[in-house]
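Data first, discussion second: the structure below is written as structure tokens.
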Number of protein chains: 2
Amino acid sequence: MKLTSKGRYAVMALMDLARFNNINPVSLRDISLRQGISLDYLEQIFSKLRKKEIVQSVRGTQGGYVLNRKAKDIKLTNIFDAVDEKVKTVQCKKDSKKGCNGKATKCITHNLWDELENHINNFFEEKSLEDLVKNNFEKRV
Amino acid sequence: MKLTSKGRYAVMALMDLARFNNINPVSLRDISLRQGISLDYLEQIFSKLRKKEIVQSVRGTQGGYVLNRKAKDIKLTNIFDAVDEKVKTVQCKKDSKKGCNGKATKCITHNLWDELENHINNFFEEKSLEDLVKNNFEKRV
DNA sequence: ATAAACCTGACTAAAATAGTCAAGTATCAA
DNA sequence: TTGATACTTGACTATTTTAGTCAGGTTTAT
Ligand code: FES
Ligand code: FES
């Protein structure tokens, strides 16, 4: 089970954005430089974040991105959902009559993986962008 | 974050094995048929389980595999560890001085991913093969 | 006007996944 | 002793996913 760079970068970038959000739009170029993430890749990621209304864009010079809601109303779940970083513990279709190996019933481990999926998603539900920023920069003082 | 088939199959196969373990060695062919998993693939998986002393092999006719310890002493952690199904939330080296983007310090999300990794591993520590078998076949009564 | 910044879609190298395939060796049972 | 069963090992491969890059735009403040 791996967390992908896309998901990791999305959170990294949004934490950076959340920090400077109050004053002006934050440009991807700045985030790219501060966090060491490729600008082109960030553009892909923010395109998705914008479509899911996590951020808003401001075009033109001095433009950039701003959060579209309060930091405490953005959960990790929302971020991961936006960039298609899904937790998938099974391959069998949810509503299919076929189990994971083509049988008619669900396999003997299916419930376990559902439980695992919930366990992981709970973690993501609990954490808001506000929490993350606070915890991170409190510790550095 | 995805769980791979290898990990899923390993648990599936061991649950099957644990159920019939008391009487005779269980052949991979039987597991293959009952669970719908490729025999060749199972062989790869059990080779690893044997090397990590989760199971023991019995060669020859009427041979197969038996558990090498009591089902309650085999945790999900042990199984996943044996088949290299690792939980990896970060790519940065643990002891390296470099953060995930080549910087000298750890990035702003590093602690978060460590926390996530622990959260997931806790789930795996909690569950023994005995629990899994019991829960699964109790529910079916 | 022009530079800063967002926007879009296509493309790709490298890695990981999910197996298959081939050629064994060991053991039991008839 | 001969076959069948079952474990053992290592190499191979098609497909998918990942982690980006690249090439072109468009918008807007100055
Ligand atoms: S049937 Fe859903 S995991 Fe096997
Ligand atoms: S995740 Fe470890 S430094 Fe970024």
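Lettering follows sequence order; numbering is per chain, from 1. Since the structure is predicted, the reported quantities are computational estimates derived from the model, not experimental observations.
For B:Tyr9 and C:dG19, the shortest distance from a side-chain N or O to OP1 or OP2 is below 4.0 Å. For the pair A:Ser38 and D:dT21, the criterion of a side-chain N or O lying under 4.0 Å from OP1 or OP2 is met.
Counting only heavy atoms from C-beta on, A:Arg29 has its side chain closest to C:dA5 among C:dA5, C:dT17, C:dA18. If you check D:dG20, D:dA6, C:dC6 against the side chain of A:Leu28, the one that comes closest is C:dC6. When distances run from any side-chain atom of A:Asp40 to the nucleotides C:dG19, D:dT9, D:dC22, the shortest one goes to D:dC22. Here the nucleotide nearest the side chain of B:Thr4, chosen from C:dT20, D:dT8, C:dT17, is C:dT17.
Taking atom CG of A:Leu39 as the reference point, atom P of D:dA19 lies 18 Å away to the nearest angstrom. Taking atom CZ of residue B:Arg8 and atom C1' of nucleotide C:dG19, one finds them 14 Å apart after rounding to whole Å. Separating the CD atom of B:Gln91 from the C1' atom of D:dT18 is a distance of 10 Å, rounded to the nearest angstrom. Straight-line distance from the CD1 atom of A:Ile45 to the C1' atom of D:dG20: 10 Å, rounded to whole Å. B:Asn68 places its CG atom 16 Å from the P atom of D:dC7, with the value rounded to the nearest Å. One can place CG of A:Asn101 at 12 Å from P of C:dA18, the figure rounded to the nearest angstrom. Across the protein-nucleic acid pair, B:Leu42 atom CG and D:dA6 atom P stand 14 Å apart, rounded to whole Å. Between the CG atom of A:Leu33 and the C1' atom of C:dA5 there is a distance of 13 Å, given to the nearest Å.
Two residues are said to be in side-chain contact when any heavy atoms from C-beta on lie closer than 4.5 Å; B:Asn111 and A:Asn135 fail this criterion. Using a 4.5 Å cut-off on side-chain heavy atoms (C-beta onward), A:Val58 and A:Asn24 make no contact. Within the 4.5 Å cutoff, the side chain of A:Ile31 has no heavy atoms near those of the A:Tyr65 side chain. Between B:Lys51 and B:Ser47, the closest side-chain pair of non-hydrogen atoms falls below 4.5 Å.
Remark: A:Arg29 CZ is loosely packed, at most 12 non-hydrogen atoms of other residues, nucleotides or ligands lying under 6.0 Å away. The environment of A:Lys103 atom NZ is dense: over 12 non-hydrogen atoms of other residues, nucleotides or ligands sit within 6.0 angstrom. Environment of CD in B:Glu43: crowded, with over 12 heavy atoms of neighbouring residues, nucleotides or ligands closer than 6.0 Å.
If you check residues 46-67 of chain B against DNA chain C, the residues with a heavy atom closer than 4.0 Å are B:Arg59, B:Gly60, B:Thr61, listed by number.
At a cut-off of 3.5 angstrom, counting only N and O atoms as typed in the model, there is a donor on one side and an acceptor on the other between the side-chain of A:Gln44 and the base of D:dT21.
Mapped onto DNA chain D by nearest heavy atom, A:Glu43 and B:Lys2 fall at different nucleotides, with B:Lys2 at the one closer to the 5' end.
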